[in-house]
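Reviewing the structure listed below.
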Amino acid sequence: MASSSSSSKTGLKKMLTLKSSDGDEFELEESIVIQCQTIKHMVEDGFSLIPLQNVDTKTLTKIIEYMKKHAEKTESNKEEIKNFNKEFVKGSFDDQFELVSAANYLHINGLMDLLCQSIADRINNKSVRAVREIFNISNDYTPDEEEKVRDEHKWAHEGGEFDESLD
Amino acid sequence: MAIVSNYNEQHNKPLIVICISKTFLHRLESDIYKSGSLITDVNVVVRVLKDKLEIEDRKRKYKVQGSPGKPDKNFKEDVPAVAKMMRLKRRRKGHQGDIVGIEATPAVLDLITKKLLKNCHCGTKIYDEKYKSGTNKEVDRDREIVVEVVKERISALPRDVIHYILELFPVEVAARTSILSKKWRYVWSMLPVLVLDSRFCKNLAVQSQYNNNNNNNPVKSHNVVVQSLSFFKQTIDEILLHHLGDIVKFDLHVPAALLSSYADVDRWMLYVTRNGVKKLTLDMPDSNTYKLPSCNLKTLHLEGITFEQTTKFCIINAPLLITLDVLDCDGTQYLNIVSPLLELLSVHNIYYLALNYFMNCKKLRELHLGFDKAVDNLEYDERSTLIKLLFNLAPTLERLNLDLFFLELFSRDTDPKGPPFTLNYLLNLSLYVDFGKLSLTSGALQFIKSVPNLSELEITASNGKLCCPSLNICNEKCIFLTEKYFSLLLILYFRGTKMNFGENMESNVDFHIQDEAERLLKEIKLMMKNVVNFELYAGMCLDLERNETFQQHLFRLLGSHSHFQVVIYALESIEYNFPSQFQPSVVLLLK
């Protein structure tokens with residue numbers, strides 16, 4: 001009993017349970033989970049079972065993977081983390097948006113930075129058409145209206161080659 | 001034949017269903033002929049139904065008819081799905097699109113389907129099977145097309161996340177988002193960050209050249225420059241005109257050619273300064289000077305601005321400027337503010353300020369010089385500049401606030417006769433004293449002596465290098481300086497020593513503070529003959545409170561005055577008890 005407070009490796013660590021919107025539960029050490037501000041505040045308020053209504057199991061698994069890796073962060077494994085980040089953002093746009101929503105909801109700042117930058121990089125030079133496709137945005141302008149809006153920012157639509165690919 | 005969308009299992013997302021209206025179909029039609037960009041704008045999934053399906057609506061009767069071909073085993077799933085979607089749609093008014101049954105000619109349908117085959121990756125397969133198999137070719141009577149729109153992924157994100165992503169884009173990419181849909185039209189315009197950097201300017205120049213070439217106007221090389229310049233101006237004007245709300249951050253790269261006339265830059269600066277700009281970066285080509293528009297500016301607050309090095313100094317020309325605040329700025333050595341009318345100058349958290357520029361401010365009444373870092377390598381000519389400045393300002397200066405850095409500068413080379421200036425009009429002096437340094441303490445006292453008519457004195461004391469926390473205290477306490485009487489305010493802020501010093505240093509340092517504090521109290525007592533109203537703010541650390549000599553001094557000080565107020569500002573929640581004789585006049589403020 002006494003060892004729990006003194007030893008960090010073998011003793012009892014405070015565990016938290018995260019529950020996804022699909023009802024799956026994940027048990028994690030508190031030290032890992034407090035990377036996200038939302039949960040940290042809940043822990044401070046004395047919660048140990050944390051229901052996450054806005055995060056499904058798939059997304060939560062990814063986020064836990066991220067938090068676990070980043071909890072190991074030290075001076076020596078910077079390169080490893082960097083590679084991990086690179087791999088982490090390789091998923092489809094769908095997954096990325098799910099992750100961004102979740103990261104925003106959970107307030108994991110590092111992950112937000114990482115994902116937003118990755119999304120921005122990936123759609124940086126896409127054509128309007130490709131962006132609509134990627135984001136599933138339906139164009140509700142009439143052709144006349146669209147022309148008008150295009151004229152407003154004519155400078156932004158000219159010059160340079162746009163990328164039409166969807167990934 | 002009917003083409004009806006199907007809930008796409010792959011997406012597994014809530015779907016909003018719209019039927020294509022007649023006008024929408026015409027748009028599709030014309031668009032297919034033009035560029036075809038519209039079809040893929042909605043994620044279209046097309047499905048063929050083979051049996052008749054009727055959905056009753058209050059207003060309209062929808063008919064979805066299929067071919068009388070082979071019974072489709074999917075049909076049974078499809079009917080309720082479509083009905084459900086229709087109902088869903090009716091409930092959710094305000095979503096895009098109307099539910100209107102449409103009739104289309106076979107030719108149009110062919111076009112659409114071809115287009116869909118080409119562009120619609122999720123619908124292609126389903127359609128392929130059904131259409132190409134020829135099961136429904138013979139039917140061409142009632143046609144309806146239902147298009148499903150999958151939840152817009154990015155639009156569902158909160159606005160601040162969208163802004164965050166947009167800010168990561170180059171400006172033209174961000175601007176292009178306004179064409180995505182109506183919802184997106186003003187998203188970029190409301191983005192509080194505008195970065196028009198050199199890359200952006202270069203792009204514009206390329207565009208303008210490209211336009212010229214396209215117009216087949218052989219222009220002379222001189223005209224090319226003029227044209228690209230007017231294009232640049234026009235574009236910036238447009239951007240600013242279309243902007244909504246505040247521009248918090250504005251970066252502008254000014255191409256060299258533009259500098260023949262500042263009128264445009266002036267106009268833009270005027271615009272952004274009226275729209276709450278907080279971070280302004282003007283990237284000027286080398287070897288040029290820009291004067292901010294000479295305007296009726298009376299108060300200028302510069303916060304977090306970086307002044308870049310140019311061969312000439314950056315001059316802010318505001319001849320009517322009365323108040324100038326400079327806070328958290330970089331590169332202030334290049335800042336030159338010309339205003340003969342300046343009455344209040346306040347400088348905080350900047351690394352360097354060329355005091356020379358203020359020599360001619362003959363109306364300066366208030367001067368606040370605050371640096372929160374102690375600078376190690378002080379230069380003597382700076383000291384003489386400071387002395388000279390104070391000498392020059394002596395006829396007008398009423399309120400002076402010197403921070404540690406300047407006091408250190410001042411105390412560096414003190415003259416036994418005292419400073420060469422006498423600040424006759426100075427009524428309010430606030431000094432930041434580090435009692436850990438003897439030279440500073442004596443410098444401060446010498447300074448106080450050169451202010452004969454002082455009515456309010458505020459001393460913020462620190463034992464060591466830790467200055468910031470006590471600065472705040474000092475600000476808070478300014479409120480108390482309301483008495484018109486000659487009053488002396490002493491803020492003794494003896495901060496605990498644990499933060500900055502090692503364990504073994506601690507006792508030494510404490511001793512030092514006590515020593516200095518006692519000495520200061522002694523000195524002040526001598527100077528206080530005319531003090532009517534005395535306030536003492538003392539932040540006590542435990543050791544000091546227990547120190548008897550200190551207490552004796554304190555009580556002697558207190559005892560010599562009939563009107564005084566003592567506020568004990570205790571940091572470590574200690575209780576401080578005064579002997580009963582003092583209690584009526586003691587205000588004990590324990591924080």
- What part of B/L241 gets closer than 4.5 Å to chain A, counting heavy atoms only: side chain, backbone, both or neither? neither
- Task: Tell me, please, which residues at least two apart from A/D56 pass side chain to side chain contact (heavy atoms under 4.5 Å, CB included).
- Result: A/S21, A/D22, A/K58, A/T59, A/E98
- Query: How long is the span from the CD1 atom in A/I119 to the CG atom in B/L168, to the nearest 0.5 Å?
  - Reply: 9.5 Å
- Item | Heavy-atom neighbours of A/K69 NZ exceed 12 at 6.0 Å | yes
- In terms of heavy-atom proximity below 4.5 Å to chain B, should A/N124 be classed as side chain, backbone, both, or neither? both
- Message: Measuring centre to centre across the rings, with the benzene-like ring taken for any Trp, is B/F200 within less than 6.0 Å of A/W155?
- Response: yes
- Query: What are the two closest non-hydrogen atoms of B/Y164 and A/C116, and how far apart are they?
  - Reply: CD2-SG, 3.6 Å
- Taking the side chain as every heavy atom from C-beta outward, state whether B/S178 and A/H153 have any atom pair closer than 4.5 Å. yes
- Task: Report, as yes or no, whether the 6.0 Å neighbourhood of atom NZ on A/K40 holds more than 12 heavy atoms from other residues, nucleotides or ligands.
- Result: no
- Inspect the contact between B/R185 and A/E145 and indicate whether a charged nitrogen and a carboxylate oxygen are less than 4.0 angstrom apart. no
- For B/V173 against A/I123, the heavy-atom pair lying closest together: CG1-O, 4.3 Å
- Could you pull out the closest heavy-atom pair between A/N139 and B/I179, with the gap in Å? OD1-O, 4.4 Å
- Message: I need the contact set between residues 27-37 of chain A and chain B: heavy-atom distance under 4.5 Å, sorted by residue number.
- Response: none
- Heavy atoms of B/E238 and A/E152 approach each other most closely as OE1-O, 3.4 Å
- Side chains of A/V131 and B/T177 in contact at under 4.5 Å (non-hydrogen atoms): no
- Flag if over 12 foreign heavy atoms under 6.0 Å of CE, B/M190: no
- Of the non-hydrogen atoms in B/L180 and A/R132, which two are nearest, and what is the gap between them? O-NE, 2.8 Å
List, one per line, each side-chain donor-acceptor pair under 3.5 Å for residues 48-55 of chain A, sequence neighbours excluded.
none

- Message: Evaluate A/D140 against B/K183 for side chain to side chain contact (heavy atoms under 4.5 Å, CB included), listing each step before the verdict.
- Response: CA-CA 9 Å; A/D140 50 1; B/K183 204 168 166 183; 5.7 Å; no
- Item | Which atoms of A/Q96 approach chain B - backbone, side chain, both or neither, heavy atom under 4.5 Å | neither
- Message: Can you pull out every ring-ring contact (aromatic ring centres under 6.0 Å, His included) where at least one residue sits in residues 32-68 of chain A? Sequence neighbours excluded, please.
- Response: A/Y66-A/H70, A/Y66-A/F88
- Item | Distance in Å, B/R176 CZ paired with A/R150 CZ, rounded so as to fall on 0.5 Å steps | 9.5 Å
